[in-house]
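Numbered from 1 within each chain, the chains take letters A, B, ... in sequence-line order.
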Amino acid sequence: MLDPKLLRSDLENVSKDLQRKGFELDHALFSSLEEQRKTLQVETQELQSVRNQRSKEIGAAKGRGEDISPLKAEMDELAQTLKEKGQQLNELQTRLQEWLMGIPNIPHESVPPGKSEEDNRVERTWGDPTQLDFEPKDHVELGEGLQQIDFETGAKITGSRFVVLHSNIARLHRALIQFMLDMHTKAHGYTEVYVPFIVNSDSLHGTGQLPKFKEDLFRVETDNEYYLIPTAEVPVTNIWRNEIVNIEKLPIKYVCHTPCFRSEAGSYGKDTRGLIRQHQFEKVELVQLVHPDNSWQALEELTGHAEAVLQTLELPYRLVTLCGGDLGFSAAKTYDLEVWLPAQNCYREISSCSNFLDFQARRMKARWKDKESKPRLLHTLNGSGLAVGRTLVAILENYQNEDGTIRIPKALVSYMGGVIELKSAD
RNA sequence: GGAGAGGUGGCAGAGUGGUCGAAUGCGGCGGUCUUGAAAACCGUUGACGGGUUAAACCGUCCGGGGGUUCGAAUCCCUCCCUCUCCGCCA
């Protein structure tokens, strides 16, 4: 959520900045709601003030044993007016709040203009695209060839966009998770957390998935309004919802492995082949809560932590800055890491690292405080470190041999119990 | 699932219709004392919103929502959460 004070004081510029995200701000609506709110709020508060004063007088008069019935009659009318005004104010504030919740974050000035991913800016490339002296197979062909990736059974058990992994590919999938968690805890100073995979709607409002993106979520059928998490970002960031953290604890850095569940509404027909876009996938997520002065530096660092995983696995990738139009709802700036996939002959997203500034923190009331000052909003960041399924895809495709076997990256051999190659007999 | 107890400020904990945003203790901050620190003593210390150049000032908040009342932390309804015991169970 944006700062309402900013909207009141600088509507023109906010509006201009939001256009870079392709968002049209309704000036007239805001101005009119805001004006009504102000008038009503002042009126209501004045009435409340009178009521409080009169009530005290009644109390005092009663204490002296006086007749209070004339005073009470006067109060009846006041109470009635107050009730009406109060209700109007409530409705208005709810409307304003909902409207505000639907406004995306303002893109940072360094975010390139543009409408779609074609306008994203490539910042740097690491490694050379893998050269194979044979026709590369894609991960589906490789996995099915080894009889260790089984989409048909996934579809039978549940439906499309689900998968069953077998034997050493299942193990490699697990090895990747352990490897990533170990790296981020040991080398990058993150604390590992384990969190619920089902969350309530308050948490989803906090990080920005609700109210606008309900159709992307799986709702759990219970009396409570519960959802499966679309990313660990939701439960992990919400650890600090409605909390005030002592400045000495900053920065807070969490790493968390969870499954992620996404309905993928609106992506019908897109990436229908393979592991790239599943309803259920594993992700190791990096989350930071930092002092507002440090969030831009933290974004560079966090992105570097995700890059380190790719580098250690020796997977070629590039780093792009998302353009305004491709930027997510809550983010002020996002770096995507795109890994090279030989079979597709292109780079594909494997990590997304964002700075949200105080946008999520304001929704969540996640604040920090030092000795002298009042509570102030934190800045939040997160990034994939990395998406596990897509990393598996990248390894299969980049480390394939002509006969369809797969070499295991050096860094993973110990996690694979010494296995150095995936073969169909496994 | 059954029975019971409870949710109050950073924490602990009093408060059962008015002068209660809330005693007291701890913690925090400032000071006295001290070469310094500790102890002791004194003072101070909630959040959010409106308002103001700044202040003054005003409002809201005692788990959430609703109700009764001139007036609610306190009474009623409802939901959520925590704890204890029993049952079941990875």
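- Residue A:Q41 is tested with A:E43, A:R37, A:K38 for a side chain to side chain donor-acceptor pair (under 3.5 Å); the sole match is A:R37.
- Using N1 to N3 plus N6-O4 or O6-N4 for Watson-Crick, or N1-O2 and O6-N3 for G-U wobble, each under 3.5 Å, B:C57 pairs with B:G50.
- Base pairing of B:U35: no nucleotide in any strand meets the Watson-Crick or G-U wobble criterion (both distances under 3.5 Å).
- Per the geometry, CG belonging to A:N242 stands 15 Å off C1' belonging to B:G10, to the nearest Å.
- Comparing B:G50, B:G71, B:C58 against the side chain of A:R8 picks out B:G50 as the nearest.
- Here B:A47 is the nucleotide among B:A47, B:C70, B:C80 with the atom lying nearest to any side-chain atom of A:R367.
- Salt-bridge check for A:R348 with A:D271: passed, with a basic side-chain N closer than 4.0 Å to an acidic carboxylate O.
- One can place CZ of A:R362 at 14 Å from C1' of B:C48, the figure rounded to the nearest angstrom.
- No contact: A:K365 has no heavy atom under 4.0 Å from any strand.
- Proximity note for A:Q48 (side chain, C-beta onward) versus B:G49, B:G59, B:G18: the nearest is B:G59.
- The side chain of A:Q41 has B:G50 as its nearest neighbour among B:G71, B:G50, B:G59.
- Residue-level contact check: A:N52 touches the backbone only, with heavy atoms under 4.0 Å from sugar-phosphate atoms and none from bases.
- Closest contact between the side chain of A:K38 and the listed nucleotides B:G59, B:G71, B:G51 involves B:G51.
- In this entry B:U19 has no Watson-Crick or G-U wobble partner, no candidate having both defining distances under 3.5 Å.
- Atom-to-atom, CZ of A:R54 to C1' of B:G71 comes out at 14 Å; the value is rounded to the nearest Å.
- Taking atom P in both B:A12 and B:G87, the straight-line distance is 31 Å, to the nearest Å.
- The aromatic rings of A:H305 and A:H188 sit parallel, their planes meeting at an angle under 30°, below the 60° perpendicular limit.
- A salt bridge links A:E264 with A:R277: the distance from a Lys NZ or Arg NE/NH1/NH2 to an Asp or Glu carboxylate oxygen falls below 4.0 Å.
- A:Y227 carries A:R219 over the face of its six-membered ring, with the cationic atom under 6.0 Å from the centre and within 45° of the normal.
- Using the Watson-Crick or G-U wobble rule with both distances under 3.5 Å, B:C26 pairs with B:G10.
- Between B:C26 and B:C83, the distance separating the two P atoms is 29 Å to the nearest Å.
- Spacing between B:C33 and B:G43 at atom C1', rounded to whole Å, works out to 15 Å.
- Straight-line distance from the CD atom of A:E225 to the C1' atom of B:C79: 14 Å, rounded to whole Å.
- Rounded to whole Å, the separation between the P atoms of B:A73 and B:G51 comes to 25 Å.
- Of the candidate nucleotides B:G50, B:C70, B:A47, B:A47 has the atom nearest to the side chain of A:P375.
- Using N1 to N3 plus N6-O4 or O6-N4 for Watson-Crick, or N1-O2 and O6-N3 for G-U wobble, each under 3.5 Å, B:U69 pairs with nothing.
- In a base pair of the Watson-Crick type (N1 to N3 plus N6-O4 or O6-N4) or a G-U wobble (N1-O2 and O6-N3), with each distance short of 3.5 Å, B:U74 is matched with no nucleotide.
- Residue A:R51 places at least one side-chain N or O under 4.0 Å from the OP1 or OP2 atom of B:U60.
- In this structure, A:K72 atom NZ and B:C70 atom P are separated by 5 Å, rounded to whole Å.
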- prompt: Can you list the steps and then say if A:L341 with A:H139 is a side-chain contact (heavy atoms from CB on, under 4.5 Å)?
  reply: CA-CA 9 Å; A:L341 295 184; A:H139 70 279; over 6 Å; no
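- In this pair, A:H279 and A:F162 present their aromatic rings tilted. The plane angle is within the 30 to 60° band.
- Figure legend. B:A5 is base-paired to B:U82; pairs are counted as Watson-Crick or G-U wobble with both atom distances under 3.5 Å.
- Along RNA chain B, the nucleotide nearest A:R37 and the nucleotide nearest A:K56 are compared for position; the residue whose nucleotide lies closer to the 5' end is A:K56.
- Using atom P as the reference point in both B:G13 and B:C20, the two lie 24 Å apart (nearest Å).
- Rounding to whole angstrom units, CD of residue A:Q53 and C1' of B:U19 are separated by 14 Å.
- Electrostatic pairing of A:R54 and A:E57 counts as a salt bridge here, judged by a charged N lying under 4.0 Å from a carboxylate O.
- Remark: the separation of the C1' atoms in B:U34 and B:U53 is 44 Å, to the nearest Å.
- Between A:S49 and the phosphate of B:G59, there is a side-chain N or O to OP1/OP2 separation shorter than 4.0 Å.
- Rounded to an integer number of Å, the gap from A:L82 CG to B:G59 P is 12 Å.
- For B:C57 and B:C75, the C1' atoms lie 33 Å apart once the distance is rounded to whole Å.
- The base-pairing partner of B:G87, taking Watson-Crick or G-U wobble contacts with both distances under 3.5 Å, does not exist among the strands shown.
- Position along RNA chain B of the nearest nucleotide to A:A79 versus A:N90 favours A:N90 as the more 5'-ward residue.
- The separation of B:G25 from B:G9, taken at their C1' atoms, amounts to 14 Å, rounded to a whole angstrom.
- Spacing between atom CG of A:L47 and atom C1' of B:G71 amounts to 16 Å, rounded to whole angstrom units.
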